[in-house]
Novice: 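To start, I am sharing the structure in question, which I have written as structure tokens.
The model shown is predicted, which means the values in this text are computed figures rather than measured ones.
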Amino acid sequence: MSENQPELHPDITTDMEVVIDTEEELIKQCEKMWKDMEDVSLLSMQIKCLTAELDHWNKRTPEITPLTEDVLITLGKEEFQELKCNLEMVVSTIQSKNEKLKEDLEREQQWLDEQQQILESLNVLHSDLKNRDVTFSVSRIFKELKAKMLSIKDFKEKLLFTLGEFLEDHFPLPDGTSKKKKKCMQTSNAQLITLHEIIEMLINRMFDAPHDPYVKISDSFWPPYIELLLRNGIALRHPEDPTQIRLEAFHQ
């Protein structure tokens with residue numbers, strides 16, 4: 001505050017605030033009264049208009065049509081003519097709907113005929129196949145399936161062996177030893193297994209129990225290996241139990 005500016009007494013400040021509040025309240029009351037007056041004026045104008053219209057109708061004399069024979073005949077003809085027009089409109093609408101239903105029925109009948117022809121052709125083909133003497137050698141089929149299974153098993157073993165060699169060279173155990181030198185090591189009272197063994201365990205679990213392919217994470221699983229599999233999308237955690245993982249179903 002400036003040194004030359006006089007300081008207002010607290011009572012004076014309070015009185016000024018009261019005056020300002022009173023002035024604002026009066027302005028609001030005036031605005032409300034003015035709005036009420038406008039509403040009253042509008043209602044007065046509406047009353048005047050309705051009163052004038054009422055006087056107009058009171059001064060008019062209703063025209064009474066004499067119910068003579070000619071008048072009744074004329075009124076009857078007008079009513080019959082109006083009824084005739086309405087009935088013609090109804091008949092036209094019904095005819096249009098009937099035409100549409102007829103077209104739909106023809107299309108459905110055509111589709112039914114085509115399906116019937118297809119069914120007859122299939123029946124003929126089925127009858128021809130049934131009458132043919134087709135023989136299969138069960139032993140030959142069994143031998144072929146057995147050979148394929150052995151081939152797949154051999155391929156699986158070769159693939160696991162190659163995968164194991166690659167993992168042992170590039171992902172050794174924490175102390176740098178590989179499975180060739182030492183299959184597992186003792187750390188914190190738990191035997192750590194190699195990444196190859198973890199992946200092989202997940203693969204076997206997926207094919208042996210496809211309905212429940214999850215494997216429980218034990219102390220022998222080195223945590224960095226688990227993180228590596230999860231981060232690269234090779235393995236997935238159980239949605240309800242994070243201590244279980246399974247192999248991603250790449251074969252699906």
Novice: Which donor-acceptor pairs under 3.5 Å do the side chains of residues 78-91 make with protein atoms, sequence neighbours left out?
Specialist:
residue	atom	partner	partner atom	Å
N86	ND2	E82	O	3.3

Novice: What pairs meet the salt bridge (Lys or Arg N to Asp or Glu O under 4.0 Å) rule with one or both residues in residues 228-243, with sequence neighbours excluded?
Specialist: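 Sorted result for residues 228-243: K216-D241, E227-R231.
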
Novice: Between S220 and S218, which heavy-atom pair has the shortest distance, and what is it?
Specialist: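 Closest approach of S220 to S218: OG-OG, 2.8 Å.
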
Novice: List the residues meeting side chain to side chain contact (heavy atoms under 4.5 Å, CB included) with Q109, not counting sequence neighbours, and say none if there are none.
Specialist: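 Result, side chain to side chain contact (heavy atoms under 4.5 Å, CB included) vs Q109: L112, D113.
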
Novice: I'd like to know if L228 and W222 are part of one continuous hydrophobic network [Ile/Leu/Val/Met/Phe/Trp/Tyr, side-chain heavy atoms within less than 4.5 Å].
Specialist: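 They do share one cluster, since a chain of ILVMFWY contacts under 4.5 Å joins W222 to L228.
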
Novice: With sequence neighbours excluded, give me every side chain to side chain donor-acceptor pair (under 3.5 Å) pair touching residues 91-105.
Specialist: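 Non-adjacent pairs meeting side chain to side chain donor-acceptor pair (under 3.5 Å): K100-D104, D104-R107.
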
Novice: Between OG1 of T22 and CD1 of I27, what distance do you get to the nearest 0.5 Å?
Specialist: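 One gets 11.0 Å once the value is rounded to the nearest 0.5 Å.
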
Novice: Is E248 close to I234 at the side-chain level, that is, under 4.5 Å between some pair of heavy atoms?
Specialist: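 Side-chain contact under 4.5 Å: no.
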
Novice: What distance do Y225 atom OH and T194 atom OG1 have between them, rounded to the nearest 0.5 Å?
Specialist: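 Here the interatomic distance stands at 7.0 Å.
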
Novice: So, using ring pair (Phe, Tyr, Trp, His ring centres under 6.0 Å) as the criterion, who are the partners of F221 when residues are at least two apart?
Specialist: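 By the ring pair (Phe, Tyr, Trp, His ring centres under 6.0 Å) rule, F221 matches no residue at all.
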
Novice: How would you list, by chain and number, every residue that makes a side chain to side chain contact (heavy atoms under 4.5 Å, CB included) with Q115, sequence neighbours excluded?
Specialist: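 Listed in chain order: W111, I118.
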
Novice: Any idea which heavy atoms bring L192 and D219 closest together, and the distance?
Specialist: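 What the structure gives for the nearest pair is CD2-O, 3.7 Å.
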
Novice: Taking all heavy atoms of R205 and all of P213, pick out the closest pair and write down the distance.
Specialist: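 Of all heavy-atom pairs spanning R205 and P213, the closest is CG-O, 3.3 Å.
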
Novice: Can you name the residues that form a side chain to side chain contact (heavy atoms under 4.5 Å, CB included) with Q46, not counting sequence neighbours?
Specialist: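 L42, L43.
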
Novice: Please report the closest heavy-atom contact between A235 and L202, naming both atoms and the distance.
Specialist: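 Here A235 and L202 meet closest at CB-CD1, 4.5 Å.
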
Novice: Tell me if a side-chain donor or acceptor on S151 pairs with a main-chain N or O of A147 at a distance below 3.5 Å.
Specialist: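 Such a contact is absent between S151 side chain and A147 backbone.
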
Novice: Who else is in the cluster with L119 when I, L, V, M, F, W and Y are joined by side-chain contacts under 4.5 Å?
Specialist: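 Same cluster as L119: nobody, lone residue.
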
Novice: How long is the straight-line distance from NZ of K146 back to NZ of K143, given to the nearest 0.5 Å?
Specialist: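 So the gap between those two atoms works out to 9.5 Å.
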
Novice: Find the distance between CG (D36) and OG (S41) and round it off to the nearest 0.5 Å.
Specialist: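 Going from CG on D36 over to OG on S41, the span is 12.5 Å.
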
Novice: Write down the atom of I217, the atom of P242, and the distance for their closest heavy-atom approach.
Specialist: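 Between these two residues, the closest heavy atoms are CD1-O, 4.1 Å.
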
Novice: Find out whether T243 and H238 are in side-chain contact, i.e. whether some heavy atom of one side chain is under 4.5 Å from a heavy atom of the other.
Specialist: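 The answer is no, as the side chains (C-beta and beyond) never meet within the 4.5 Å cut-off.
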
Novice: Got a sec, which residues hit side-chain hydrogen bond (donor to acceptor under 3.5 Å, both in side chains) with T51, two or more places apart in sequence or on another chain?
Specialist: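 Result, side-chain hydrogen bond (donor to acceptor under 3.5 Å, both in side chains) vs T51: none returned.
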
Novice: Just how far is it from atom CD of Q29 to atom CE of M33, taken to the nearest 0.5 Å?
Specialist: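 Those atoms lie 8.5 Å apart.
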
Novice: Taking the side chain as every heavy atom from C-beta outward, state whether V215 and I198 have any pair of such atoms under 4.5 Å apart.
Specialist: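 A side-chain contact under 4.5 Å is absent here.
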
Novice: Please name all residues satisfying salt bridge (charged side-chain N to carboxylate O under 4.0 Å, His left out) with D55, sequence neighbours left out, ordered by chain then number.
Specialist: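 Salt bridge (charged side-chain N to carboxylate O under 4.0 Å, His left out) check on D55 returns nothing, list empty.
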
Novice: With rounding to the nearest 0.5 Å, note down the distance linking CD1 in I245 to CG in L229.
Specialist: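 One gets 6.0 Å once the value is rounded to the nearest 0.5 Å.
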
Novice: Can you name the side-chain hydrogen bond (donor to acceptor under 3.5 Å, both in side chains) partners of E38, sequence neighbours left out?
Specialist: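 Partners of E38 by the side-chain hydrogen bond (donor to acceptor under 3.5 Å, both in side chains) criterion, ordered by chain and then number, come out as W34.
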
Novice: Taking side chain to side chain contact (heavy atoms under 4.5 Å, CB included) as the test, write out the residues that go with I203, two or more places apart.
Specialist: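 L160, I199, F207, L247.
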
